Participant: 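Quick one: this structure, given as structure tokens, is what I'll be asking you about.
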Amino acid sequence: MVRARDLFATVMLSGIYGLLSASFFILMDAADVAFTEAAVGAGIFPLLMLTVLTSVGRYEAERRRVRYLPLFVMVVLAGALFAAVLQMPPFGAVDAPSHGHVAQRYIQDSPAEIGIPNMVTSVLASYRGFDTLGEVVVIFTAAVGVVVILLGGRPKTPQQSTQALMAEHKVLRVVGKMLIPLILLFGLYVQFHGEYGPGGGFQAGVIFAVGIILYAMLFGLSNAQRVVPLGVLRWLVALGVLIYGSVGLANLVVGGEYLNYSMLASDPVTGQHIGIILIELGVGITVASAMVLIFFAFTRATRSRDELEE
Amino acid sequence: MADYYNYLIVVLLMVMGLYIVMAQGNLVKKLIGLNIFQTSVFIFYISTAKVSGGTAPIVIDGAELYSNPLPQVLILTAIVVGIATMSLALALVLRIKRAYGSVEEDVILEQDKSC
Amino acid sequence: MLSHLAVLQVVVPLLAAPTCLILERARAAWLFACLACLLSLGISIALFMQVEASGPISYALGGWEAPWGIEYRIDALSSFVLLLINLVAAAVIIGANSSLTAELPEPRHSPFYVLFLLCFAGLQGIVATGDAFNVFVFLEISSLATYALVALGRDRRALFAAYQYLIVGTIGATFYLIGIGFLYSLTGTLNMADMAQLLPGLEEQRLVAAAFAFVVIGIAMKLALFPLHGWLPDAYSQAPSMATAFLAASATKVALYLFIRMYFEVLGQDAVNALFPVGKLFLLLGAIAVILASLAAIRQNNVKRVFALSSVGQIGYLVIGVGLGNALGLQAALLHLFNHGLIKAALFIAVAAVVCRVGGSRLEDFRGLGRAMPWTMGGMVIGALSLIGVPLTAGFVSKWYLVLAAMESGLWPLVALVLIGSFIALFYVWRIVEVAYFQPRDGAAVSEAPLMLLLPLWAMALANLYFGIDTSLTVGGSEQAVNFLMGSRP
Amino acid sequence: MILTVVALALIVVMAMAIARAFLGPTIYDRILAVNLFGTKTVLLIAVVSYIAGRPDFLDVALIYALINFISVIAVLRFFEYGSSKVNDKVGKDA
Amino acid sequence: MPELITLLSSLCLLLGAFLIFSGGLGVLRFPDFFTRMHAAGVTETMAVTLIVLGLMLHSGWGLPLFKLLLILLFVMITGPTASHALAKSALHGGLRPLGDDSNNERH
């Protein structure tokens, strides 16, 4: 991948790279992470890169000669790292310190305290709920940043309807019509299934976004924006973060610490359930609308540039 | 030595990713290098989480030994952070392409010097 | 409600940002942002008082106690830095509306406030939290918001500067992540205080050194320490001037705070120095930074770049203070951290006022402004005097402590270096003053800066003077922080 | 036991797909290779989830199929859109 | 009865594995893009059905069975569509199948 001059091939290979790393995660018993890495690393990332490549041009300028300074620095860094890494606890060691201490608590107590089988979601939403709030805010910042950089502040929904390039792909459109409801349904399933199996707010958000992006790709940006206008998206992005934050504040008002859901209901475990479902909803809404907003901004930016040219 | 393969792969990927970011001129190529670098860190975290013989951290009556859920939670957040930075960087690349007309680092630098 | 102050400090600006996005009109967004910043300032003052009275506050988020859940620890050090960030943020936000009308097109105002609040919340999140991974998350929030803010600059070079900053910042944050990964695999916990107890007992010292090396390199990138400072002058000179005012005064300071916490509290100063002479390395880097950056600042003709490069130089002073290793050195660093924040805030708000009226920040634009904009230039001169370290200003106090610390550790060349640094600072400040006051105003007549900009400018300028004379707050605060840090490490 | 044989066969075929991705004279071969690789990953995940005895991995397999389909569509859209505008020679690889 | 099911499932799985292997080999060895397309098409549809069927028999009744059915349905829909779209855009892009002498008048 380092050698390939053609950017397009690099993007495809990075797609495969995303899939490979995701399947590696599966072998490492990390279902949720594989889920997310597949959806992001092999799904959204190449998608965004391709939209960028349409206007940036496929071919790199010229083959760069191998630059020796970075190479030398890299070799030294690799050597130092090898030495350090050898002292790590061996791979998969049961007694390694990282498994003891804190993690044992999560494995033993989380089913009892929070009552959901998927420990990753329980740690994600409840034990370290504040990290996830930070994560949601990161997505929110990226969406606002992209909109500001590309669309210059207030996104306007385009009036004229640009005829989608994929018009002549009748077959794709028919299949698309059949598939998109299925995808959105699957997104909902993943959203509310987060406690019992791999899944959760973030992954569901990405699936929703992929469904809408597929619709936009097949039926053209303008009709997609009639379905999901940009103004509404801005509200949704903000709404998701506010849901998350206000659930935290609600716990504050009821008397517990920030993001302590056990106060929400009479019995702590049901309180946790309510809290986690609400949190996942907030995450799902923000992520879905942020991804769609970013994708619309990218396509509008590449498209509007061409209208100027033609 | 045998059970250190994971970490060696991580180190190799990390170094390759950094090399791409430093040596390549094309801005888009740099981002791909950055992506490789970040993914190698994720692989590192997950390989510390694996408990040999343990199954995925989803409670099923059968299993009793589970892999460690904590690094997986950290990685979920790190992936989100990675894609957020990437989308911001790509937005910048688009605007740079529109402003400078090219995405090559040296072309941009001498355009800066000239004006 | 009083016990929840620690978390409200970060949550208020964090939740104010999305509501700001919903308010379409720029004026409403501005008012809301001001409200959020002032509320947060009030909280930080209350926190500072509470910590001074009853010692460190520990707040377990989500009801799970320390190592399992995320814990917010506000101790003497973090409350001190929090106070600085809030002071600067309040000053910048008040002046932001009038400065933005001159620089940014109207639709970009409300996103500016959203990004500003996010960056503000991110920085506070780093300072307040006691959990290593949470620091990474909030580091990313503040950096992402900063990249977007820098990219808002008018000139096309702002885009490339933001891109460079993004690449360096992301690599730095990922290095930090690797460092935590090593530390986690050794200690099994992410809570900093918990980690501090577990680390000395380990026998894999080489891995601890590697972890520390990664963390230091990561933070050095965010701190713009000498070899890795390439992105700072471009980023700060291209960003909208109000954004630069906030960033120059707080972003690098928070990175230094993070370094101090990791170096003194988590890893323990002596344990680290045994493995690798970090202290001496920092003295060296700091010294080079002071000399080279100040020299570079002289040749610039864009005033923003002059102050950006002088920031790199001043960071050199901070790093020297930390590198000295004795209690006085650390206190000098903390003092300078606070005072330098005020100095840079005053200087950059003044530049924002000039840009607002004249439309550019090149040296020629400053010609004859001494008479045309007396108040603005007056504020700038006070800030500049404090930058040089003239007695009776805040800058002098921190430089004085630095000299004392250098003498105490017997490094005479350092004392000479501090004086040379101040002399070079005098030189490039004089260039600006000479242009502003002694050259005739040839361009169009320029009216005085809007009141909304003068207010924060003079607030900062007077703060410089106040903290120069009555040093009880700053010296007292840093004294407590040093005792806490030195005390916690046997 | 049978499952491991199937898994091995899948991995071999995935290696072939990657080889095709590198060798592929025309761009379309590369897309084909990625598509093939994607579907094989779906199967591999399904088979591995059964080897590990964890049936709830199938959601991940389903999302793979979805993502694979989307990326093929995105690539083709890029081609419809890219080639008409960037007017580079299709088929002649770099 | 249960042995029959396991026998059947292992039979399907083996057949599926063989088909995949042959398809993969085909993708590598065939000279022209469209012939490779055919080879890939074979693996994508036939082999997938066989393997998923084998897994279904292996897993017995329950939620996983339904999920496997869903996957089968999904791949059945997307596989051919993707190949169709690929072939269509390849033709549109100017790639001619090998030995297709009819391209002069159709151009």
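Keep in mind it's a predicted model, so treat the numbers as computed, not measured. Residue numbering restarts at 1 for every chain, and letters A, B, ... go by the order of the sequence lines.
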Participant: By a 4.5 Å heavy-atom criterion (distance strictly below it), what part of D:Leu36 contacts chain E: side chain, backbone, both, or neither?
Facilitator: both
Participant: Most heavy-atom pairs under 4.5 angstrom with chain E, which of D:Thr39, D:Leu32, D:Val72?
Facilitator: D:Leu32
Participant: Measuring from atom CZ of D:Phe69 to atom OG1 of E:Thr81, what distance do you get when rounded to the nearest 0.5 angstrom?
Facilitator: 5.0 Å
Participant: Identify which of E:Ile20, E:Leu70, E:Ile77, E:Leu14 forms the greatest number of heavy-atom pairs closer than 4.5 Å to chain D.
Facilitator: E:Ile20
Participant: What part of D:Leu8 gets closer than 4.5 Å to chain E, counting heavy atoms only: side chain, backbone, both or neither?
Facilitator: neither
Participant: Check whether E:Phe74 gets within reach of chain D through its side chain, its backbone, both or neither, counting any heavy atom under 4.5 Å.
Facilitator: side chain
Participant: With rounding to the nearest 0.5 angstrom, report the NZ to CD1 distance, D:Lys40 to E:Ile51.
Facilitator: 8.0 Å
Participant: Side chain, backbone, both or neither: which part of D:Ala65 has an atom under 4.5 Å from a heavy atom of chain E?
Facilitator: both
Participant: Is there a side-chain contact between D:Asn68 and E:Thr78 (heavy atoms, below 4.5 Å)?
Facilitator: no
Participant: With a 4.5 angstrom heavy-atom cut-off, which part of E:Ile71 approaches chain D: side chain, backbone, both or neither?
Facilitator: both
Participant: Which answer fits E:Val48, side chain, backbone, both or neither, if we ask what part of it has an atom under 4.5 Å from a heavy atom of chain D?
Facilitator: both
